[in-house]
Amino acid sequence: MSIISQIQATTVQSLTALYNQAFTDKDFQVNQTKPEFEGDYTIVLFSLVKSLKQSPDAIGNALGNYLQAQYPQLFTKYNIIKGFLNLTVADSYWVQLLNANHQNIHFGKKESNGQKVMVEYSSPNTNKPLHLGHLRNNFLGWSVSEILKASGYEVIKSAIVNDRGIHICKSMIAWQLFANGATPQSTGIKGDHFVGDYYVKFNDEYKRQVDELMGAGATKADAEKEAPIMKATQQMLLDWEEGKPEVIALWKTMNQWVYDGFAITYQRIGSDFDITYYESNTYLLGKDIVQQGLDKKVFFKKEDGSIWIDLTADGLDEKLVQRKDGTSVYITQDIGLALQKYQQYAINQSIYVIGNEQNYHMKVLQLICQKLGMPNAEGIYHLSYGMVELTTGKMKSREGTVVDADDLVDDMIATSRQHTEALGKVKDFTGAELDELYNILALGAMKFYLLKVDPKKTMVFNPQDSIEFHGFTGPFIQYTHARIKSILRKVEAAINPETSQQQALLLLEKQLLVQLEQYPGIIAQAAREHNPSVIANYAFQLAQIFNSFYAEHSVANAETPQKLQLRLQLAAFTANVLKSSMQLLGIQVPERM
RNA sequence: GGUUCGGUAGCUCAGUUGGAUAGAGCAUCAGCCUUCUAAGCUGAGGGUCAUUGGUUCGAAUCCAAUCCGGAUCACCA
């Protein structure tokens with residue numbers, strides 16, 4: 001039970017005994033005491049004034065006295081300032097916490113709750129490589145999965161690959177026209193970049209043809225429709241849908257190039273999936289559902305044969321669910337896939353990590369599922385995250401301002417090498433050890449940079465800040481961990497499982513313990529809000545406090561043998577929680593750096 | 001225009017169900033390495049919490065209006 005819960009419970013009990021009426025923990029607030037006042041936790045008394053008809057001071061004195069008398073093992077002191085009852089929690093409480101948990105690498109994590117949740121994330125298109133926006137998505141999806149696991153859920157990670165449609169055909173046509181049989185192997189270009197290059201070539205050629213036609217007197221609309229390369233692309237899409245063998249063969253070949261490229265990127269950034277869905281397999285799902293919807297009169301048919309749902313009563317529009325030619329649209333396959341996920345895994349919850357530009361779409365998806373009475377409808381949750389913008393504005397592929405994921409990783413590794421070499425602390429590392437360290441630092445910096453901001457918010461990617469290794473960054477926390485490990489390696493004395501509960505704590509020792517004690521609550525909050533930034537902020541604060549402690553007090557040369565033991569435990573506990581919290585962000589921490 | 005999300009220090013961001021003098025990091029300035037890793041620590045300056053009104057013991061936080069910015073409102077996915 002957290003210290004705050006204990007304070008709430010004991011306060012409820014005390015108030016009930018003192019005033020002979022019923023209270024709940026909603027009747028007052030318990031906050032951490034501000035550093036400028038004496039005490040650890042504070043009960044705000046104002047909310048009690050009205051119902052008790054007494055001054056805040058009177059209530060505070062009665063309550064403080066009672067708490068201290070009844071729970072001496074918990075509270076040793078109190079003071080009242082302007083309606084705030086500041087309680088000092090007994091040092092023995094903190095030392096006990098330390099004794100019990102300093103070696104527990106599972107501290108803060110919950111036992112299984114029997115709930116199954118699917119997290120769908122990443123969801124790339126197969127016509128271009130991953131960029132910065134995908135990185136935010138991937139890091140979020142991974143981290144939220146870890147946080148949910150730590151909260152007792154069984155997590156299934158999934159991706160839906162958008163591997164069909166007109167955009168794929170564009171790359172294919174351009175390859176046929178311009179590649180002369182070139183392949184990733186023959187050119188040495190990573191497969192996803194290779195295919196992405198032909199997507200760019202398509203657009204260049206398309207624009208050229210449109211300009212040419214307009215130069216010959218065509219209107220813009222006609223030119224766009226009549227451009228030969230576009231007509232060829234549309235024909236190819238039809239051929240694909242009919243299963244024309246040579247088109248299918250090319251499609252499979254080019255997609256495989258992309259998958260090979262993605263696999264490398266995913267491996268580098270640490271993304272993985274328990275199940276991968278492909279739109280080419282799922283795009284026909286949902287046809288049965290459309291029929292069911294018609295039967296249930298949730299959907300209706302228009303004169304031209306197209307099928308719709310009327311969502312005007314919910315404040316939205318009419319939404320198409322099937323074209324007049326009987327082909328399904330985006331939303332339809334999503335409904336089908338949502339049901340398939342549920343049937344396949346019996347999940348209680350289905351989380352979609354998708355950008356906030358799809359808020360409307362996801363709202364419609366959930367509404368339709370609800371109206372159809374689908375069993376999984378209530379469990380759909382859209383983890384909507386904001387765009388990543390550049391300091392110069394938005395990323396635009398047409399203007400070449402997209403930050404490529406692979407380039408970014410390469411740059412970060414180079415930066416890690418530079419910083420590390422400049423400091424010269426790991427000269428005895430082997431080449432392989434150095435590579436591993438650069439990798440850990442580079443990914444740590446990137447992931448932390450993208451995860452430290454509330455997912456809901458649009459964020460700005462500043463190249464200078466992103467390669468920063470000081471301050472509120474991943475490497476700062478990694479460094480703190482490495483520092484602690486260095487102490488633990490060097491100090492001769494072994495850590496005892498128990499230290500005396502009688503000793504008095506210094507301010508910074510207690511601050512560390514107060515922060516450590518909050519870790520379980522932080523994990524719970526992050527899971528509740530689907531918000532890794534909660535963890536990032538927490539880990540940073542913990543590292544900050546440790547570094548202040550480190551500068552002020554020595555572990556190895558502690559004043560007494562008891563202090564040595566206490567601080568060894570404190571250091572180990574901090575290292576464990578830093579490692580654990582960074583792991584929830586998908587970030588490794590090195591033993592040395 | 002409808003819906004929706006946002007606006008906090010020069011910049012990037014925290015700020016819990018309303019609580020004490022609104023906090024970090026970066027940048028700027030001044031200090032701290034013969035003792036556990038200076039990728040660190042200590043201190044200083046920097047604020048009309050977009051604006052106005054309301055709710056109350058108390059508002060960055062809740063409500064209303066206004067201003068500014070993003071997203072979205074496809075027989076694209």
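In this text, all values refer to a predicted model and were calculated from it rather than measured experimentally. Numbers restart at 1 for each chain; the letters A, B, ... are given by sequence-line order, proteins then strands.
- Glycosidic conformation of C33(B) is syn; the angle stays within 90° of 0.
- When Watson-Crick and G-U wobble pairs are counted only if both distances are under 3.5 Å, A20(B) pairs with no nucleotide at all.
- Rounded to the nearest 0.5 Å, atoms OG1 (T574(A)) and CG (L512(A)) are 4.5 Å apart.
- Rounded to the nearest 0.5 Å, atoms CG (L506(A)) and NE2 (H553(A)) are 5.0 Å apart.
- Residues S384(A) and N359(A) bring a donor and an acceptor atom of their side chains to less than 3.5 Å of each other.
- Between the OH atom of Y550(A) and the P atom of A38(B) there is a distance of 5 Å, rounded to whole Å.
- When each of F461(A) and E389(A) is assigned the nucleotide of RNA chain B with its nearest heavy atom, F461(A) is the one assigned upstream, toward the 5' end.
- Residue K579(A) places its NZ atom among 12 or fewer non-hydrogen atoms of other residues, nucleotides or ligands, all under 6.0 Å distant.
- Between the CG atom of N356(A) and the P atom of U3(B) there is a distance of 18 Å, given to the nearest Å.
- Relative to the ring axis of F429(A), R592(A) does not place its NZ or CZ within 45° and under 6.0 Å from the centre.
- Distances shorter than 4.0 Å separate none of the side-chain N or O atoms of R528(A) from OP1 or OP2 on U17(B).
- The cationic atom of R136(A) (NZ for Lys, CZ for Arg) does not lie both less than 6.0 Å from the six-membered ring centre of Y385(A) and within 45° of the ring axis.
- Look at K457(A) and you'll find a side-chain N or O under 4.0 angstrom from OP1 or OP2 of A14(B).
- Using N1 to N3 plus N6-O4 or O6-N4 for Watson-Crick, or N1-O2 and O6-N3 for G-U wobble, each under 3.5 Å, G43(B) pairs with C29(B).
- Comparing the C1' positions of A60(B) and U8(B) gives an interatomic distance of 7 Å, to the nearest angstrom.
- Here V555(A) lies in heavy-atom contact (under 4.0 Å) with a base.
- Atom CG of N547(A) and atom P of C33(B) are 18 Å apart (whole Å).
- At A38(B), one or more side-chain N or O atoms of R483(A) fall inside 4.0 Å of OP1 or OP2 (strictly under the cut-off).
- Residues S171(A) and N127(A) have side chains that never bring a donor and an acceptor to within less than 3.5 angstrom of each other.
- In this structure, I522(A) places its CD1 atom 15 Å from P of A14(B), rounding to the nearest Å.
- Spacing between G47(B) and U21(B) at atom C1', rounded to whole Å, works out to 13 Å.
- Judged by distance alone with a 3.5 Å cut-off, no donor-acceptor contact links the side chain of S533(A) to the base of A14(B).
- Rounded to an integer number of Å, the gap from K490(A) NZ to U35(B) P is 11 Å.
- For K324(A), the NZ atom is loosely surrounded, since the number of other residues' heavy atoms within 6.0 Å does not exceed 12.
- Per the stacking criterion (ring centres < 5.5 Å, plane angle < 30°), F46(A) stacks onto the base of G19(B).
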Walk along nucleotides 21-26 of chain B from 5' to 3' and tag each nucleotide B, S or - by protein heavy-atom contact under 4.0 Å, base first, then sugar-phosphate. S--SSS
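- In this structure, OH of Y330(A) is placed 11 Å from P of C73(B), rounded to the nearest angstrom.
- Residue-to-nucleotide contacts include no donor-acceptor pair under 3.5 Å from the side chain of D454(A) to the base of C13(B).
- Distance noted for atom C1' between G6(B) and C76(B): 27 Å (whole Å).
- For F469(A) and A38(B), the CZ to P distance is 18 Å, given to the nearest whole Å.
- Annotation: cation-pi pair K452(A)/F540(A) absent, no NZ/CZ under 6.0 Å from the ring centroid and within 45° of its normal.
- Searching all strands for a Watson-Crick or G-U wobble partner of G1(B) with both distances below 3.5 Å returns C73(B).
- Residues S306(A) and T480(A) both approach RNA chain B. Their nearest nucleotides, taken by heavy-atom distance, put T480(A) toward the 5′ side.
- The CZ atom of R164(A) sits 9 Å away from the C1' atom of A77(B) (whole-angstrom rounding).
- Remark: C67(B) base-pairs with G7(B); criterion is Watson-Crick or G-U wobble with both hydrogen-bond distances under 3.5 Å.
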